Structure formats: C-alpha cells, structure tokens
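Structure record follows, encoded as structure tokens.
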Amino acid sequence: MTATAEKWQADLAEGFGTAEELLRYLGLDTNLASAEAVRLFPFRVPRSYANRMGRGDAADPLLRQVLPLASEARSVPGFVSDPVGDRRAVVAPGLLHKYRGRVLLITSGACPIHCRYCFRREFPYGESQLTRQAEGSAIAYIEGNRDIEEVILSGGDPLLLGDVRLGRLFRLLETIPHLKRVRIHSRVPVVLPSRITRGLAEILRSQRLPIIVVIHANHPREIDAEVGAALSRLREAGVTLFNQAVLLRGVNDDEETLIRLSEALFAHQVHPYYLHVLDRVRGTAHFEVAEEHAVALYEALRQRLPGYLVPRLVRELEGEPYKVLL
C-alpha cells in the first residue's frame, strides 16, 4: 500500500462518526443534533470537509447538509422511500437500467459523507450492489444489450473502491466493444480529496474508454485548495469534469451563492451540468425549495451568467425517459 493510499484511508477512518463530536469540534450545542434522525440514517463526515465549516455557526451551509435534525423523523405527504424509482429499475444485482443507451452500476453502498438529503438513504444496498459475485451477470447484461453505450458508476460512492477493484472493473468494461464511455458519479473529490491519488489518476488515464467524472458540490465554500488540487489531478489524467448540485433550502437557494458556485467550478475547469430540485425522499422535506423560487433563481442565473455557466434546472421523475427540465 502506498503512502498516499494510506493517507486517504486514514482520512476516511479519522472522520467524525457522531454529530455530537462534530458539533463540539465546531463549538456548537450538541443538542442541535437528533438521535432519532441518526437512527433512521447514520452520520458520517470527513474532517477535511468539517474544516471548511464556520466555527460557532449553526446555520453554516456545509454543516446544514450533514446535521441530523428532528424534522427528519416527521412524516410528510409526498416524501417516500424511493422517489426516483431506483428499485424498480434493477435488472440484475447492482445494475439499474432506466434510460436508453446507458446503465448504472451500484458499485458500493459506502460513502465518505452522509448527506442528509441523500435520495438513496433507504436504498437496499445489501441486496442491490455490485459485489464480486454479481459482476458476471451485470457484465453479461451489458454485453447482451448493444444499444448500451455508456456505463455510469455510482453508489454509495464508486471512488471508495480500492485501486485494485476499480482497475478490475474497468478491465471488464473495456472489453465490451459497443461501450463508448464510462461516467463516474462521485462526491469524493469534494469531501475526501486525498482519495484522488496519482495512482488513481493513472488508472483513469490508462483506460481505452473516455472517462467522465461528475462531482457533487452544492456550495462554493466546498471547493478549497485541496479540492482544487484533486480536480487538477483528474484533469491531467484526461478526465472530463462536470458538476451536479442539489438546490437546498438554507444551503444554496439564493442567487449569489449559485453564481459563486458556477464561477468556482469553472475556475477549476469543471462544467456546471445539473441543478437538481430535491428528490422527495423521506426525511428531507426541510430541504425543499418551492418550484416557483427555483425557476426564479434559474432565470436570475441566465440573466447574469454566460450560458455555459448556467446548469440545467431539472427534476428526476420515475418513468420519464430523461431528466425533466423545469
């Protein structure tokens, strides 16, 4: 194991495992956190991400994304366990097929951070992720469907897989002649940037298939110098970088924050791709932004930014053949 690999694994292990520990670190009242919310969805935050939070600020937009609140335990009409129909899209263990031309592999149930708005917070990873034993049936499905041109690695977070496992998965995919590209959806470059090692970058650089990494940043303060260095390593490996954000009340639901986010992303050659309205999973109603306000924000961005810095405002609806533009 290399020194850099040991660092990211140590960083992962040394993260905050309880909300009380994080709140004490930030100089905040530990009673802000709800034990009931943690029983419904566990808590996890890397220290590098916590270090970007404002000390003594209970309304900090980064803290708000991870702080378990009592409101998560309230039942709200319209908020359900599987808002985007993931479970009904499973065609083999660890393999989802929703949209024409592309499939999604649930490579892992693990994440370096547990975002409280996560749309897969109730996903049954135990029975629906890509274990080594399940690889054969997933690969056979892709090989047998020649209209599949893109494979998306998702999770959990696919970049929490070790280099050996990732390399094996890429080798399996690159033998399929009708595949044109591989896309990776990952929050790791933003919340655990030490994982983007030179070894990982070399694996990505060496692939026959073009690699796209879609990162997930919601607020400009998530992008610090260490994150910038990780993004630079990905770019140098020939990776195309996009960002998808989620519009969240109290986090980024204002014009200036979204403008600064797009500018911060583009400064690191990351293209703003999607701005999702909230997927209505149980326990997340306190994050929802009214659609009228979302559309007004989008119009403000269009007026103030060049088109290439304006992400598409979308909603994912079960059964639709693509993301629905608002």
Side-chain angles (χ1 to χ4, degrees), residues 11-12 14-38 40-74 111-119 121 157 187-194 215-228 230-231 243-265 267-268 270 272 275-278 281 283-290 293-294 297:
D11 289 347
L12 183 64
E14 292 168 3
F16 293 97
T18 70
E20 290 77 14
E21 183 185 9
L22 174 62
L23 289 168
R24 282 192 292 269
Y25 179 74
L26 296 174
L28 292 166
D29 185 351
T30 58
N31 290 321
L32 290 170
S34 163
E36 176 62 18
V38 174
L40 293 169
F41 184 54
F43 179 90
R44 189 179 201 180
V45 175
R47 286 184 178 268
S48 67
Y49 190 77
N51 288 339
R52 296 169 235 166
M53 298 177 184
R55 303 298 174 99
D57 183 5
D60 179 87
L62 277 62
L63 173 63
R64 182 166 169 79
Q65 295 179 60
V66 299
L67 183 63
L69 300 176
S71 55
E72 293 181 35
R74 289 201 293 267
C111 278
I113 189 168
H114 290 177
C115 304
R116 307 311 299 181
Y117 54 87
C118 178
F119 71 100
R121 53 187 284 159
D157 200 302
R187 192 131 157 85
V188 157
V190 174
V191 302
L192 190 71
S194 58
I215 68 167
H216 176 185
N218 297 316
H219 194 279
R221 277 200 6 242
E222 293 180 316
I223 305 171
D224 64 0
E226 190 179 5
V227 171
L231 296 173
N243 182 67
Q244 58 181 355
V246 180
L247 188 60
L248 301 166
R249 190 186 342 160
V251 174
N252 59 7
D253 58 333
D254 67 276
E255 180 181 334
E256 296 302 326
T257 296
L258 291 173
I259 288 171
R260 288 190 290 116
L261 175 60
S262 281
E263 296 283 9
L265 290 165
H268 294 284
V270 181
L275 178 60
H276 288 264
V277 297
L278 185 72
V281 67
T284 66
H286 56 291
F287 284 115
E288 188 167 48
V289 175
H293 183 51
L297 285 172

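Bear in mind the structure is a predicted one, so any value in this text is a computation, not a measurement. Along the sequence shown, residues carry numbers from 1.
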Point to revise | 4.5 Å side-chain heavy-atom contact, V66 and M53 | key: yes
Review point. If we only count heavy atoms from C-beta on, is the E72 to R121 side-chain gap below 4.5 Å?
Key: yes
Study note, to complete from the structure: Note: L28 and A58 closest approach over all heavy atoms is CD2-N, 3.7 Å
Review point. Which word best sums up how the rings of F287 and Y117 line up, parallel for under 30°, tilted for 30 to 60°, or perpendicular for over 60°?
Key: perpendicular
Practice item. Decide yes or no on side-chain contact (heavy atoms from CB on, under 4.5 Å) for H216 and V246, but give the supporting numbers first. Key: CA-CA 8 Å; H216 176 185; V246 180; 4.0 Å; yes
Exercise for review: Determine, stepwise, if the pair L275 / L258 fulfils side-chain contact (heavy atoms from CB on, under 4.5 Å).
Suggested key: CA-CA 10 Å; L275 178 60; L258 291 173; 4.1 Å; yes
Point to revise | Heavy-atom side-chain contact between L63 and D57 under 4.5 Å | key: no
**Study point:** Heavy-atom side-chain contact between L261 and N218 under 4.5 Å
**Key:** no
Practice item. State, with a plain yes or no, whether a side-chain heavy atom of P189 is found less than 4.5 Å away from one of L231. Key: yes
Point to revise | pair L22-F43: side-chain heavy atoms closer than 4.5 Å | key: yes
Check your understanding: Should T284 and R116 be marked as a side-chain contact (heavy atoms from CB on, under 4.5 Å) after you check the CA-CA gap, both sets of side-chain angles, and the distance that decides it?
Key -> CA-CA 7 Å; T284 66; R116 307 311 299 181; over 6 Å; no
Check your understanding: Is the distance between the ring centroids of Y25 and F16 less than 6.0 Å?
Key -> yes
**Study point:** Validation row: L248, L278 side chains within 4.5 angstrom (heavy atoms)
**Key:** yes
Check your understanding: Going through the checks in order, is the side-chain contact (heavy atoms from CB on, under 4.5 Å) test met by I215 and L265?
Key -> CA-CA 10 Å; I215 68 167; L265 290 165; 4.1 Å; yes
Practice item. Look up atom CD1 in I113 and atom CG in D157, then write down how far apart they are to the nearest 0.5 Å. Key: 10.5 Å
Review point. Does R187 pair with E222 as a salt bridge, N-O distance under 4.0 Å?
Key: yes
Review point. Between S48 and N51, do the side chains contain an N or O donor and an N or O acceptor separated by less than 3.5 Å?
Key: no
Exercise for review: For residues 42-56, pull every pair meeting salt bridge (Lys or Arg N to Asp or Glu O under 4.0 Å), keeping only residues two or more places apart or in separate chains.
Suggested key: E21-R47, R52-D224
Exercise for review: Please report the C-alpha distance between D11 and S194 in whole Å, then the side-chain angles of each, then the deciding distance to 0.1 Å, and finally whether the side-chain hydrogen bond (donor to acceptor under 3.5 Å, both in side chains) criterion is met.
Suggested key: CA-CA 8 Å; D11 289 347; S194 58; 2.7 Å; yes
Practice item. Side-chain contact test, heavy atoms from C-beta onward, threshold under 4.5 Å: evaluate it for D29 versus L23 and give yes or no. Key: no
Practice item. Work out which heavy atom in H219 is nearest to a heavy atom in P61; give both atom names and the distance. Key: NE2-CG, 3.4 Å
